[in-house]
Amino acid sequence: LESHAHQSDVHVGLARLEARLRLFESAEERFRLAESQDRLSWRVQWAFGRFLVERGRYDEALAHLEVAWRSEPADPDLK
């Protein structure tokens with residue numbers, strides 16, 4: 001994989017797939033790996049936060065969603 005940002009996007013995609021397959025522990029590990037590679041990525045934080053909301057872990061989710069909100073680019077072409 002070429003860059004950490006690209007790697008984190010791949011891990012987020014795999015985590016979402018694992019969550020769909022109800023492999024929640026594995027998905028969470030994958031989200032944490034993505035986060036460790038690109039902690040300020042709004043895409044990683046948003047996806048991880050939504051995953052936690054779906055698990056009913058609202059306090060944890062809020063922290064990730066706040067980072068996503070602060071890190072989201074203003075330029076719509078970067079979204």
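Just so it is clear, the structure is predicted and the values come from calculations on it, not from any experiment.
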Just how far is it from atom [atom1] of [X] to atom [atom2] of [Y], taken to the nearest 0.5 Å?
{"X": "Gln7", "Y": "Asp9", "atom1": "CD", "atom2": "CG", "value": "10.5 Å"}
{"X": "Glu28", "Y": "Glu35", "atom1": "CD", "atom2": "CD", "value": "10.0 Å"}
{"X": "Glu29", "Y": "Leu23", "atom1": "CD", "atom2": "CG", "value": "11.0 Å"}
{"X": "Gln45", "Y": "Arg39", "atom1": "CD", "atom2": "CZ", "value": "7.5 Å"}

Next on the checklist: Through direct or indirect side-chain contacts below 4.5 angstrom among Ile, Leu, Val, Met, Phe, Trp and Tyr, which residues connect to Leu52?
Outcome noted: Val12, Phe24, Phe31, Val44, Phe48, Phe51
For [X] versus [Y], what's the shortest heavy-atom pair and its separation?
{"X": "Ala27", "Y": "Ala15", "result": "CB-O, 3.4 Å"}
{"X": "Arg30", "Y": "Glu18", "result": "NH2-OE2, 3.3 Å"}
{"X": "Ala61", "Y": "Gly49", "result": "CB-O, 3.3 Å"}

Checklist entry - Leu65 and Tyr58: same hydrophobic cluster, using ILVMFWY side-chain contacts below 4.5 Å? => result yes
Checklist entry - Does the pair Glu66 and Arg70 meet the rule for a side-chain contact (heavy atoms from CB on, under 4.5 Å), with working shown? => result CA-CA 6 Å; Glu66 285 175 343; Arg70 286 193 307 269; 3.8 Å; yes
Checklist entry - Does Ser71 reach the main-chain N or O of Leu40 with its side chain, forming a donor-acceptor pair under 3.5 Å? => result yes
